[in-house]
Colleague: 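Before we start, here is the structure in question, set down as structure tokens.
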Amino acid sequence: MSDTPSAPASQDFIREMIATDVADQRNDGWVITRFPPEPNGYLHLGHAKSICLNFGLSEENGPKARCHLRFDDTNPTKEEVEYVDSIMEDVKWLGFDWGDHLFYASDYFEKLYGFAVSLIKKGLAYVDDQTHEQMRATRGTLTSPGTASPYRDRSVEENLDLFARMRAGEFKEGERVLRARIDMASPNMNMRDPAIYRILHAHHHRTGDAWCIYPMYDYAHPLSDALESITHSLCTLEFEHHRPLYEWLIANVDGLPGQPYQREFARLNLTYTLMSKRKLLKLVKEGLVNGWDDPRMPTISGIRRRGYTPEAIRSFCKIIGLTKYPSLTELGLLEHSVREDLNKHAQRVYAVLRPIKVVLSNYPEGQVEHVELVNNPENEADGKRLVPLSRELYIDADDFMETPSVGFHRMVLGGEVRLKYAFCIICQEVIKDADGNITELRCTYDDATRHGAKPVGRPKVKGTIHWVSAAHALDVEVRLYDKLFTVEQPDEQAGEEGDFTQFLNQESLQIISAKIEPSVATAKPGSHFQFERVGYFFTDPKDSQLGKPVFNRTVQLKDGFVKK
RNA sequence: UACCUCGUGGUGUAAUGGUAACACAGGAGAUUUUGAUUCUCUCGUUCAAGGUUCGAGUCCUUGCGAGGUAACCA
């Protein structure tokens with residue numbers, strides 16, 4: 001594929017390592033990676049990082065490369081088909097394709113069982129009758145070695161018999177476990193005779209009731225990798241300590257088609273959010289958000305519904321890089337990525353989020369004109385549209401100040417402001433209700449300042465604001481989303497036993513009714529827009545109907561104006 | 001008071017023993033009928049101490065700091 005020898009600018013430590021392997025013709029030059037989620041929840045941005053890495057590697061390494069999607073479904077008590085489906089949808093949405101290489105660890109149950117039998121025969125695995133508590137007590141601690149189980153030296157025959165009876169369902173959950181026979185004194189806790197099979201009388205979403213013993217991750221994962229001829233098994237840092245066990249299994253199980261190795265990278269941490277499946281599940285279960293695809297969630301389905309694009313996510317994953325340093329990435333970087341993409345592609349429309357009525361007292365009653373507006377200044381091919389303008393309009397409350405702060409150059413009483421692509425107006429009178437709330441602004445417009453006209457000898461008008469015609473505007477529901485938490489690291493702040501939900505941002509969702517130009521009536525669900533001078537918005541794919549769109553705020557526009 | 005891993009501007013990353021750089025964020029300005037975009041400029045960095053070397057962010061030693069690890073979870 002890469003026939004141009006122009007050296008890539010820089011590579012992360014994993015790509016560097018893989019490039020060396022390819023150059024050395026390790027595995028005949030093949031690069032086979034895998035993305036191995038457990039179907040026990042929805043994918044989030046942390047998974048996106050892993051997906052971009054694993055599938056990205058496949059794209060980058062030409063014809064001798066591929067990436068498998070494998071469901072690590074070894075714990076039937078937590079897994080559901082719903083999650084399998086959503087994971088496939090999310091990977092596809094990000095723009096990746098596993099082709100024919102869709103696998104399930106559960107497809108290997110019979111082979112994995114056979115490997116376990118072979119380990120028993122080699123004297124490298126044994127059935128332990130100890131209770132869960134006994135096993136924990138004899139494992140030792142971080143600073144002291146463990147002690148051997150009284151069942152550690154059972155004969156091969158007895159182990160074989162017991163393991164077969166485990167499979168046959170003769171024992172209750174917790175009564176017996178199959179352990180690898182390694183080293184109870186290892187400084188690495190994972191090597192102190194880890195459990196590799198446990199009894200679970202549970203219904204599996206794919207194998208049904210065929211099994212009542214299930215392999216542990218530490219056992220199933222390396223062997224599944226090897227069975228699929230994976231060359232590079234990439235995972236996050238918390239599995240570093242599992243690497244020796246991974247290698248132990250690859251070395252001690254005979255007849256494996258592949259010899260994969262594992263390397264680890266730092267997981268993604270983002271400010272003002274959480275990336276733990278368990279905690280995200282809690283938010284969903286307790287109704288603190290509206291489901292896994294709530295636009296405030298860092299799930300792929302959540303940010304998709306928020307209006308993020310696959311391009312933005314992939315660009316973000318590229319920017320954050322790949323290291324072993326446990327970094328904390330600013331949410332701003334993610335927002336930058338989506339603004340960058342949407343700026344190029346989103347159609348512009350005028351929308352007034354918090355309307356104030358403006359009446360142009362010198363504009364003829366009943367007259368309607370149509371102003372031609374550019375759909376996207378970043379792309380001329382997107383064309384133009386006509387937007388109605390009449391005597392009564394709405395402007396945004398943020399664009400008027402009765403007592404303006406320093407540097408404010410939008411509308412003020414007695415001041416002139418430009419209605420974008422229409423003409424300039426001067427506010428003559430502020431009308432209020434009995435409570436002092438502004439109900440209407442009486443203004444006059446100046447016909448000499450129409451778009452295209454270049455009146456000489458007038459001071460340049462600093463402010464330009466957007467508007468919608470009152471009689472023509474559509475009332476639409478707009479959901480203003482903000483960060484989910486009020487602190488940068490809700491997890492950290494809450495501490496070990498603390499409750500992270502105390503840091504939920506109570507204003508993370510505001511639902512308002514906005515006035516918007518009529519052109520959006522035909523907007524399809526799932527369309528991106530820029531509300532000029534406001535932000536990027538996305539027509540909610542679930543709740544929008546043709547002619548009645550519902551908008552989710554993806555992200556605000558950057559605002560250079562700071563009130564002093 | 002074990003073991004493993006990691007320490008580069010505010011944040012995220014690059015520099016593969018040879019001039020410490022890029023992006024985001026921040027600041028200033030220009031352009032702008034979006035206080036957006038775009039464009040300029042700017043701010044600011046190798047955890048510490050020794051050692052090896054002509055030369056160290058990079059290699060070595062020690063210290064300090066951070067993260068991870070004791071499910072029949074993944």
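Below, read A as the first sequence line, B as the second, and so on, with proteins coming before strands; counting in each chain starts at 1. The analysis underlying the following values was restricted to heavy atoms, covering all of them including side chains, and did not include hydrogens, waters or symmetry mates.
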Colleague: Answer yes or no as to whether B/rC72 has its base stacked against A/His132, where stacking requires a ring-centre separation under 5.5 angstrom and planes under 30 degrees apart.
Modeller: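 The base of B/rC72 is stacked with A/His132 (centres under 5.5 Å, planes under 30°).
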Colleague: Please classify the glycosidic conformation of B/rA28 as syn (within 90° of 0) or anti (everything else).
Modeller: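 Anti, since the glycosidic angle lies more than 90° from 0.
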Colleague: For B/rG29 versus B/rA36, give the span between their P atoms, rounded off to a whole number of Å.
Modeller: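 That atom pair is separated by 13 Å.
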Colleague: Using the C1' atom as the point on both nucleotides, what is the distance between B/rU61 and B/rA56, in whole Å?
Modeller: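 Roughly 15 Å separates the two C1' atoms.
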Colleague: Assign each of A/Lys420 and A/Pro187 to its nearest nucleotide of RNA chain B by heavy atoms, then name whichever residue's nucleotide is nearer the 5' end.
Modeller: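 This one resolves to A/Pro187.
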Colleague: Between B/rG12, B/rU34, B/rA14, which nucleotide has the shortest distance from any of its atoms to the side chain of A/Asp12?
Modeller: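 Ranking B/rG12, B/rU34, B/rA14 by closest atom to the A/Asp12 side chain puts B/rA14 first.
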Colleague: Checking side chain to side chain contact (heavy atoms under 4.5 Å, CB included) between A/Phe71 and each of A/Glu38, A/Glu79, A/Met88, which is the one that passes?
Modeller: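 Single pass found, and it is A/Met88.
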Colleague: Between B/rU13, B/rA74, B/rG67, which one does the side chain of A/Phe239 approach most closely?
Modeller: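 Closest nucleotide to the A/Phe239 side chain: B/rA74.
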Colleague: If you assign A/Pro36 and A/Asn376 each to the RNA chain B nucleotide with the nearest heavy atom, which residue ends up on the more 5' nucleotide?
Modeller: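 It is A/Asn376, whose closest nucleotide lies nearer the 5' terminus.
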Colleague: A/Pro326 side chain: which of B/rU33, B/rA74, B/rC6 is closest?
Modeller: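 Of the options given, the side chain of A/Pro326 lies nearest B/rC6.
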Colleague: Can you tell me which stems RNA chain B forms, taking runs of 3 or more consecutive Watson-Crick or G-U pairs with both distances under 3.5 Å?
Modeller: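 For RNA chain B the paired stretches long enough to count as stems (3 pairs minimum) are B:2-7 with B:64-69, B:10-13 with B:21-24, B:26-30 with B:38-42, B:47-51 with B:59-63.
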Colleague: Has the side chain of A/Arg348 got a donor or acceptor atom sitting under 3.5 Å from an opposite partner on the base of B/rU34?
Modeller: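 Answer yes: a donor N or O sits under 3.5 Å from an acceptor.
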Colleague: For A/Phe423 and A/Tyr445, take the angle between the two ring planes, folded into 0 to 90°, and tell me which bin it lands in: parallel under 30, tilted 30 to 60, perpendicular over 60.
Modeller: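 Rings of A/Phe423 and A/Tyr445: tilted, as their planes differ by 30° to 60°.
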Colleague: Ignoring the backbone of A/Met216, work out which of B/rU33, B/rC24, B/rA71 is nearest its side chain.
Modeller: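 Closest nucleotide among those given: B/rA71.
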Colleague: For B/rU11 versus B/rC4, give the span between their C1' atoms, rounded off to a whole number of Å.
Modeller: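 Straight-line distance between the two C1' atoms is 27 Å.
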Colleague: Is the shortest distance from a Lys or Arg side-chain nitrogen in A/Arg354 or A/Asp396 to a carboxylate oxygen in the other one below 4.0 Å?
Modeller: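 Salt bridge: no.
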Colleague: Nearest to the A/Glu16 side chain among B/rA15, B/rC24, B/rA2, which nucleotide is it?
Modeller: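 Of all the options, the side chain of A/Glu16 is nearest to B/rA15.
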Colleague: Quick check on A/Lys344: does its NZ atom have over 12 non-hydrogen neighbours (other residues, nucleotides or ligands) under 6.0 Å away?
Modeller: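 More than 12 within 6.0 Å, yes.
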Colleague: Can you measure A/His201 atom NE2 to B/rC72 atom C1' for me and round it to whole angstrom units?
Modeller: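 A/His201 atom NE2 is separated from B/rC72 atom C1' by 12 Å.
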Colleague: Is it the case that the base of B/rU34 and the side chain of A/Gln530 share a donor-acceptor contact (distance under 3.5 Å, atom types as modelled)?
Modeller: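 Checked by distance alone, the answer is yes.
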Colleague: Between B/rA74, B/rU11, B/rU37, which nucleotide gets closest to the side-chain atoms of A/Glu330?
Modeller: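 The closest nucleotide is B/rU11.
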Colleague: For residues A/Thr20 and A/Asp24, is any side-chain donor paired with an opposing acceptor at under 3.5 Å?
Modeller: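 No pair is found: no donor N or O on one side chain lies under 3.5 Å from an acceptor on the other.
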Colleague: Name the closest nucleotide to the A/Pro377 side chain, picking from B/rU37, B/rU34, B/rC73.
Modeller: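 Of the candidates, B/rU34 comes closest.
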Colleague: Which one, B/rU33, B/rU69, B/rC4, comes nearest to the side chain of A/Arg418?
Modeller: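 In terms of side-chain proximity for A/Arg418, the closest of B/rU33, B/rU69, B/rC4 is B/rU33.
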Colleague: Of the options B/rG12, B/rC72, B/rU33, whose atoms approach the side-chain atoms of A/Leu328 most closely?
Modeller: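 Between B/rG12, B/rC72, B/rU33, the one nearest the side chain of A/Leu328 would be B/rG12.
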Colleague: Classify the side chain of A/Glu264 and the base of B/rU5 as holding, or not holding, a donor-acceptor pair under 3.5 Å.
Modeller: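 No such pair is found, so the answer is no.
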Colleague: Quick one: label A/Leu237 by what it contacts on the DNA or RNA (base, sugar-phosphate, nothing), any heavy atom closer than 4.0 Å.
Modeller: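 Result for A/Leu237 = nothing.
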Colleague: For the rings on A/Tyr197 and A/Tyr219, is their centre-to-centre separation under 6.0 Å?
Modeller: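 Between A/Tyr197 and A/Tyr219, the centre distance is under 6.0 Å.
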Colleague: Suppose you measure atom C1' in B/rU8 against the same atom in B/rG65; what distance do you get, rounded to whole Å?
Modeller: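 One C1' to the other, the span is 15 Å.
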Colleague: Given the C1' atoms of B/rG26 and B/rG12, what is the spacing between them in whole Å?
Modeller: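 It works out to 15 Å between them.
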Colleague: Less than 3.5 Å between a donor and an acceptor, one on the side chain of A/Arg533 and one on the base of B/rG35, is that the case here?
Modeller: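 Donor-acceptor pair under 3.5 Å: no.
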Colleague: If you check the A/Tyr325 side chain, which of B/rG12, B/rU34, B/rC72 turns out closest?
Modeller: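 Nucleotide nearest to A/Tyr325's side chain: B/rG12.
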